[in-house]
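What you see is a predicted model; the values in this text were computed from it and never measured. Start at 1 and go down the list; that is how both ligands and their atoms are numbered. Scope of the values below: all heavy atoms of this structure, side chains included, with no hydrogens, waters or symmetry mates. For reference, positions follow the sequence shown, starting with 1.
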Amino acid sequence: MFDYHVHTHYSNDCTFDMESYILPAIEKGLKGICFTDHVDIEYPSASIEFELDYSKYTREIKRLKDRYNGKLEIFTGIEFGMQPHILETDTAFFQDKSFDYILGSIHTADRKELYGGDFLAGKSEHNSILDYFNDMIFCVNHFKSYHNLGHLDAVSRYINSGSFEASKYMEYIEEVLRTIVQNGKGIELNTSGKRYALPYFHPEPSIIKLYKQLGGEIVTLGSDSHSPSTLGYGFDEAAEILQHCGLKYYTIYKGGKPEFIKL
Ligand SMILES: [Zn+2]
Ligand SMILES: [Zn+2]
């Protein structure tokens, strides 16, 4: 299988170098991996900068592609943090760069970070979650460069444990999914949820089912690994979930074009 969500030391929150993922990926029987390091422009934290040295990054991936040719397929991606107020960056950042895959993720709500809980300050949990989904609706309507939307319900990691009920937000989630389908984009099934002590991956099955009902067919699989030990985490179960939701294929991207692989 292909793991399309892998971080390395090019991400501020990860210390492992790229090459340290290669042998574990082969040993786990993965056919390929896509590096998706963070680019979070104007991330609202003074101590964290998520920028990327593009030429160094792509050179390193090219070196590994050549070195492990025939053993592991390696793809160039990024996880792009989308926020409504950085919309103009969407075209500016990408105009002189190319990636196999761009995962668009929401890591903030109303310009405050999810991680650490700043987005909850001075508001009810409900209103904070609405900020998150309203940002997401704006971004899927206006951003053009991303391919798939990352970990759609990841906000559930950052509120009181167990208190997130997707059914309360389904009209917002449906708007997100309808827009994604209309624009030919996809979603990600991100298996890290269970590593955050949640009972499901991101997004939970009811959301994947709704995506499929609305005509969605494009789902990448990603472990969101920040360590080689979690590559391909939960992928057998993830494949079963997708089948259970009515999907027959999962998706990888090469040069920005989706390819479908039978589950
Ligand atoms: Zn993310
Ligand atoms: Zn990630």
(request) Could you name all protein N, O or S atoms found under 2.8 Å from the Zn ion (ligand 1)? (result) Glu79 OE2, His107 NE2, His151 NE2

(message) Taking the cut-offs as 6.0 angstrom to the six-membered ring centre and 45 degrees off its axis, would you call Lys194 and Phe201 a cation-pi pair?
(response) yes

(request) Could you walk me through whether Leu114 and Arg157 pass the side chain to side chain contact (heavy atoms under 4.5 Å, CB included) test, one step at a time? (result) CA-CA 9 Å; Leu114 303 181; Arg157 290 179 197 171; over 6 Å; no

(message) Is the distance from the ring center of His7 to that of His5 below 6.0 Å?
(response) yes

(request) Using a strict cut-off of less than 4.0 Å between a Lys/Arg side-chain nitrogen and an Asp/Glu carboxylate oxygen, indicate whether Lys56 and Glu60 qualify as a salt bridge. (result) no

(request) Just say parallel, tilted or perpendicular for the rings of Tyr101 and His147, cut-offs at 30° and 60°. (result) parallel

(request) Would you verify whether the NZ or CZ of Lys262 falls within 45 degrees of the ring axis of Tyr249 while also being under 6.0 Å from that six-membered ring's centre? (result) yes

